[in-house]
Structure formats: C-alpha cells, structure tokens
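All remarks here apply to the structure that follows.
Here, residue 1 is the first one in the sequence, and each next residue gets the next number. Each ligand, and each atom within it, is numbered from 1 in the order the structure gives. For clarity, every value in this text was computed on a predicted model and none was experimentally measured.
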Amino acid sequence: METRKATKKDIPKMFKILKTNSPKYPKKLALQELNEMFSKSFLKPTYIVVEDKKEILGFGGFIPSWIDYRVFNIFWVNINPKYKNRGTGSKLIKEIINQIKKYKKPKPKMILISTKIPKFYEKFGFKKTTSKYDRNYILMEKKLK
Ligand SMILES: CC(C)(COP(=O)(O)OP(=O)(O)OC[C@H]1O[C@@H](n2cnc3c(N)ncnc32)[C@H](O)[C@@H]1OP(=O)(O)O)[C@@H](O)C(=O)NCCC(=O)NCCS
C-alpha cells in the first residue's frame, strides 16, 4: 500500500469512491472539486491517493486557507468501503499531515477539519475546536510546531 499525489488519470476512480461514500453530494460540484487540483487557480487543492497493486483504495485532499496561508484544511477523506478498517485511512491522514509539514515560507501552524467522526481524527492529534459546528459535524484543529 503506497501513497502518492493524484494525477488527472486518477479522477474517474476517485469520483467513483466519492459517489459511493457521499451519494447525495452534487456530482457536478464533486467533479469540479477533484479537477481543481489541475487548474490554474492560485490556491489549488492537492489530492493524495492510497494505491495497492494499481488499485486506488482511497484519497483525501488538502489546501492552504485564504484566512492565513499557515492554516491548512483537510477535506474529502474517502476510503473505498471494500478497503475499510485495514489502516488505509490512517496511512492517508499521516501522509497528508507530512505533506502539509513540508511547506516552507510560511511554515504551516494549524490544520482544520470538519468531521462527523472526531474519534478517528483524535488519533492523529486533532482536538475539537467547537462542541457543535454544523448539524452533526464537528470542527477540529491540529496545531503544528
Ligand atoms: C473514515 C475513513 C476515512 C476511515 O478509513 P479506514 O481505512 O477504515 O481507517 P483505518 O483502517 O485507518 O482506521 C479505522 C479506525 O477508524 C475508525 N472508524 C472508521 N470509520 C468510522 C466511523 N464512521 N465512525 C467512527 N470511527 C470510525 C474505526 O473504528 C477504526 O478505529 P480503531 O483504529 O481504533 O480500531 C473511512 O471509513 C471512510 O472513507 N469513510 C467514509 C467517508 C468519511 O466518513 N470520511 C471522513 C470525512 S471527514
């Protein structure tokens, strides 16, 4: 099981996983969000895929925030349900945190995530920023040294 940056060719497979995990999310918007990594935007997301024997097991994205370039957001963390509970999601989150830490000038100070499953992110040092954020979502932060 390896992690790497997504390429344009990965998008159909990433989109398929996203549709399975979030069937109600608008499909056109989801595709735009995935393609944005390859756009000319000033602030673009980066998607990391987890791959095993040429199969994409899952992916997740991160992007610096307009609030402050020292703040990063993690989003669209999605593992194919077939490959859940094998450490795939954990490997992905650790790699995304490592990739964020590689940024210099300015050095990242904080990572934010909005999630329904705070327990999963607590394992990687995220803490609840608010007890309630939006419906059943919780905003979580991880401070970087
Ligand atoms: C959440 C998700 C990324 C975890 O991926 P994974 O490959 O199963 O994760 P791992 O195998 O590394 O870790 C599994 C751990 O996460 C926990 N976990 C997974 N899904 C969970 C859920 N819905 N609620 C609570 N805990 C969950 C498991 O209990 C397990 O805990 P343990 O290590 O203490 O036993 C994956 O299940 C997924 O894509 N879910 C659907 C989309 C989603 O909810 N994404 C998160 C959006 S912020």
*Specify the protein heavy atom at minimum distance from atom 18 (N) of ligand 1: its residue, its atom name, and the distance to 0.1 Å.*
Phe120 CD1, 4.6 Å
*Please report which non-hydrogen protein atom sits nearest to atom 32 (P) of ligand 1, along with the residue it belongs to and the distance in Å to one decimal place.*
Lys123 NZ, 3.4 Å
*Does atom 26 (N) of ligand 1 have a protein heavy-atom neighbour under 4.0 Å away?*
no
_Would Arg86 count as a contact residue for ligand 1, given that I'm defining contact as a non-hydrogen atom of the residue lying under 4.0 Å from a ligand atom?_
yes
_Heavy-atom nearest neighbour in the protein, as seen from atom 28 (C) of ligand 1, with distance rounded to 0.1 Å_ = Asn85 OD1, 3.6 Å
_Aromatic ring proximity, centroids under 6.0 angstrom, Tyr47 and Phe75_ = yes
*Is a side-chain N or O of Asn35 found less than 3.5 angstrom from the main chain of Leu31, in a donor-acceptor match?*
yes
*In ligand 1, which numbered atoms sit nearer than 4.0 Å to a non-hydrogen atom of Thr88?*
7 (O), 11 (O), 12 (O)
*Would you indicate which of Val77, Asn80, Val50 comes nearest to atom 42 (C) of ligand 1 when only heavy atoms are counted?*
Val77
*Residue portion contacting ligand 1 (non-hydrogen atoms closer than 4.0 Å) for Asn21*: side chain
*How far is atom 12 (O) of ligand 1 from its nearest protein heavy atom, and which residue and atom is that?*
Ser90 OG, 2.5 Å
*Donor-acceptor contact present, side-chain Thr20 to main-chain Lys16, <3.5 Å*: yes
*What part of Tyr121 sits under 4.0 Å from ligand 1 if we count only heavy atoms: the side chain, the backbone, both or neither?*
side chain
*Judged by atom type as modelled, is there a donor-acceptor pair below 3.5 Å linking the side chain of Lys27 to the main-chain atoms of Phe15?*
no
_atom 2 (C) of ligand 1: the protein heavy-atom neighbour that sits closest, reported with distance to 0.1 Å_ = Ile79 CG1, 4.4 Å
*Shortest non-hydrogen contact from Val49 to Ala6?*
CG1-CB, 3.9 Å
*Might you work through the salt bridge (Lys or Arg N to Asp or Glu O under 4.0 Å) test for Arg86 and Asp52, ending with a clear yes or no?*
CA-CA 12 Å; Arg86 303 178 179 189; Asp52 192 32; 5.8 Å; no
*Hey, are Gln99 and Glu95 close enough side-chain-wise for a donor-acceptor pair under 3.5 Å?*
yes
_Could you identify the single nearest non-hydrogen protein atom to atom 11 (O) of ligand 1 and state the distance to 0.1 Å?_
Gly87 N, 2.7 Å
*Say whether, by atom type as modelled, one donor and one acceptor occur between the side chain of Ser22 and the main chain of Lys24 under 3.5 angstrom.*
no
*Just by distance, do the side chain of Asp10 and the backbone of Thr7 share a donor-acceptor pair under 3.5 Å?*
yes
*According to the interplanar angle, ranging from 0 to 90°, do the rings of Trp66 and Tyr69 count as parallel (below 30°), tilted (30 to 60°) or perpendicular (above 60°)?*
tilted
*Identify which of Lys94, Glu122, Lys84 has a heavy atom lying nearest to atom 40 (N) of ligand 1.*
Lys84
*asked:* Heavy-atom pairs closer than 4.0 Å: do any link ligand 1 to the side chain of Ile117, the backbone, both, or neither?
replied: side chain
*Provide, to 0.1 Å, the distance between atom 7 (O) of ligand 1 and the closest protein heavy atom, together with that atom's residue and name.*
Gly89 N, 2.7 Å
*Do the side-chain N and O atoms of Tyr25 and Glu33 include a donor-acceptor pair separated by under 3.5 angstrom?*
yes
*Quick check: does Thr115 get an N/O under 3.5 Å from an N/O on ligand 1?*
no
*Please could you name the atoms of ligand 1 that Asn78 approaches to less than 4.0 Å, counting only its heavy atoms?*
39 (O), 42 (C)
